[in-house]
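Just below is one structure, and these are the notes that go with it.
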Amino acid sequence: MHEMSLCESVLQVLETEAQRQQFSRVKTVWLEIGVMSGVEIEAMRFCFDVIVRNTLADGATLEIIEVPAEAWCLECAQTVSIQQRYDACPHCGSFQLQVIRGEEMRIKELEVA
């Protein structure tokens with residue numbers, strides 16, 4: 001369950017930003033998570049609640065924004081939507097796709113006090 005270590009990393013970012021930006025409490029965290037990132041959303045929610053207990057984010061709401069996957073087709077030179085790695089281009093059928101979006105995880109926004 002790598003979601004536990006991901007949540008620990010999120011908490012480290014929150015603590016660093018709390019010192020840098022002088023806030024003492026996190027109310028809401030918006031996370032962008034790519035559909036091909038390998039992150040299980042429900043596991044992430046569970047781990048977040050466990051990791052932030054008794055921290056500046058205790059009781060914070062975790063909002064997940066799922067990022068769809070896109071790839072650049074080398075054959076038809078277009079950005080295309082894909083469902084998973086190794087999909088064919090929906091326009092030309094080529095498998096020469098370079099994933100450009102959908103693998104990331106990042107903190108998009110915070111609501112703090």
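We use all heavy atoms of the structure for the numbers below, so side chains are in, but hydrogens, waters and symmetry mates are not.
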Side chain to side chain donor-acceptor pair (under 3.5 Å) filter on Thr61, not counting sequence neighbours, yields none
Common cluster, [X]/[Y], ILVMFWY with side-chain heavy-atom separation under 4.5 Å:
X	Y	value
Val99	Val39	no
Val29	Val112	yes
Leu31	Met4	yes

Distance col, row Glu40:CD vs Ile33:CD1, nearest 0.5 angstrom, shows 11.0 Å
Name every donor-acceptor pair, under 3.5 Å, that has one atom in a side chain of residues 63-75 and the other anywhere in the protein, sequence neighbours excluded.
none

Exercise. With a cut-off of 6.0 Å (strictly less than), are more than 12 heavy atoms of other residues, nucleotides or ligands near CD of Gln19?
Worked result: no
Let me check something: any side-chain donor-acceptor pairs from residues 103-110 under 3.5 Å, sequence neighbours excluded? List them with distances.
| unit_1 | atom_1 | unit_2 | atom_2 | d |
| --- | --- | --- | --- | --- |
| Glu103 | OE2 | Arg85 | NH1 | 3.2 |
| Glu103 | OE2 | Arg85 | NH2 | 2.0 |
| Glu104 | OE1 | Gly102 | N | 2.7 |
| Arg106 | NE | Glu32 | OE1 | 2.8 |
| Arg106 | NH2 | Glu32 | OE1 | 3.4 |

Donor-acceptor contacts, no H, no angles, side chain residues 8-16, under 3.5 Å, sequence neighbours left out:
| unit_1 | atom_1 | unit_2 | atom_2 | d |
| --- | --- | --- | --- | --- |
| Ser9 | OG | Ser5 | O | 3.2 |
| Thr16 | OG1 | Gln12 | O | 2.9 |

Taken in chain and number order and not counting sequence neighbours, the residues that satisfy side-chain contact (heavy atoms from CB on, under 4.5 Å) with Gln84 are Asp87
Correct closest heavy-atom pair for Ala88 and Leu97 would be C-CD1, 3.9 Å
Minimal heavy-atom distance between Cys92 and Cys89, with the atoms involved, is N-SG, 3.5 Å
task = Would you check if Ile82 and Met36 make a side-chain contact, meaning some heavy-atom pair closer than 4.5 Å?
result = yes
Listed pairs under 3.5 Å, donor-acceptor, residues 42-59 side chains, sequence neighbours left out:
| unit_1 | atom_1 | unit_2 | atom_2 | d |
| --- | --- | --- | --- | --- |
| Arg45 | NH1 | Leu62 | O | 2.9 |
| Thr55 | OG1 | Val52 | O | 2.6 |
| Thr55 | OG1 | Ala57 | N | 3.1 |
| Asp58 | OD2 | Asn54 | N | 3.1 |

